Amino acid sequence: MPELPEVEVVRRGLERWTAGRTVAAVEALHPRAIRRHVAGPDDFAARLVGRTLGVAQRRGKYLWVPLGEDEAVLGHLGMSGQLLIQPIGAPDEKHLRVRITFTDDGPELRFVDQRTFGGLSLEALKDGVPATIVHIARDPLDPEFQDAKFVAALRAKNTGVKRALLDQSLISGVGNIYADEALWRARLHFDRPGTSLTLPEAKRLLTAAREVMAEALAVGGTSFDALYVNVNGESGYFSRSLNAYGRAGQPCGRCATLITRVAFMNRSSYFCPRCQKAAGQNLVARS
DNA sequence: AGTTGCCCCTGCGCGC
DNA sequence: TGCGCGCAGGGGCAAC
């Protein structure tokens, strides 16, 4: 469950259900799900047993569970990963990759991932953050996110503004859905070069990204299907509030022009061709 | 150095 | 029915 709101929903579930519990056993059922743990799945399992889980943390789309002061279990859900709390004895999911049981004999933690783009690993903490993700920027819901610094960096990018939004070393947590939604709210075309943005436009875009993700989080995130659920298997409700993403051929909520879909970075970009004009058109319109 | 593309996977819905 | 194609909430890394 990819983007910031969905990952934060999972983090909260972990905080509630796993904090303070001690690991009894670890089953790594698919090596690919542990591939980022360089010492291998057996080492991952052996080093986790007997450890007590701390309070789950998150930066962007990464989350981690501290094991004391200087080590943590790092997780990324990729495109299809789930962290589920399941009663012991519940039938295994088809794509169950890792099972973690606890010494209290309570419900177990499962990592389920159809496409295995996600995974778990043990990482050293460096200033409280897993060493392998220090390149990930803070996300816009982080109180220490620096708005002015991001706005300046965005306006220095030659690349298209959507590509910049998806660059997790610039701003983290934004994925394909919320990038399109933020651009729609800010009335900006996804391919406008960062260098073409005025200061107000760049600020507007950051505000839009922050607002749309906060609103999505408030209703449990965006779920189109059972793949995107919280640790208890429940869906969020933000899909009904989407204005651009996935709405090709449907009327724009502002101007009723039909939303357009174009291929972009091996994915899709949805936008209103009237409200979100490309650079040249905007410049002409303003002059 | 910054930017761009390709690829890692599995499953589903579509048109033929 | 079956098969091939395109598409899916991500990101690391090689190649310009």
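Only a predicted model underlies this, so the values are computations on that prediction, with no experimental measurement involved. Throughout, a chain's letter reflects where its sequence line sits, starting with A, and its residues are numbered from 1.
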Which nucleotide in [options] has an atom nearest any side-chain atom of [X]:
X         : options                  : value
Asn266(A) : dA8(C), dG9(C), dC6(B)   : dC6(B)
His95(A)  : dG11(B), dC8(B), dA8(C)  : dG11(B)
His135(A) : dG12(C), dG9(C), dC9(B)  : dG12(C)
Gln168(A) : dA8(C), dG12(C), dG11(C) : dG11(C)

Using a 3.5 Å distance criterion without hydrogens, assess whether the side chain of Glu27(A) forms a donor-acceptor pair with backbone atoms of Val98(A). no
Backbone of Tyr178(A) reached by a side-chain donor or acceptor of Glu3(A) within 3.5 Å: yes
With a 4.5 Å heavy-atom cut-off, do [X] and [Y] have their side chains touching?
X         : Y         : answer
Trp64(A)  : Leu120(A) : no
Val262(A) : Tyr270(A) : no
Val212(A) : Asn243(A) : no

Are Arg138(A) and Phe145(A) in a cation-pi setup, meaning NZ or CZ lies under 6.0 angstrom from the ring centre and within 45 degrees of the ring axis? no
So, is [X] near the phosphate of [N], with a side-chain N or O under 4.0 Å from OP1 or OP2?
X         : N      : value
Ser80(A)  : dA8(C) : no
Lys61(A)  : dG9(C) : no
Asn158(A) : dG2(B) : no
His30(A)  : dC9(B) : no

Nearest nucleotide by nearest heavy atom, which residue falls closer to the 5' end of DNA chain B, Gly160(A) or Lys94(A)? Gly160(A)
Establish whether the base of dG5(B) is bridged to the side chain of Arg163(A) by a donor-acceptor pair shorter than 3.5 Å. yes
Chi class for dG9(C): syn within 90° of 0, otherwise anti: syn
Toss me the dot-bracket line for DNA chain C: Watson-Crick and G-U wobble, both under 3.5 Å, 5' to 3', using | for pairs to another strand and [ ] for crossers. .|||||||.|||||||
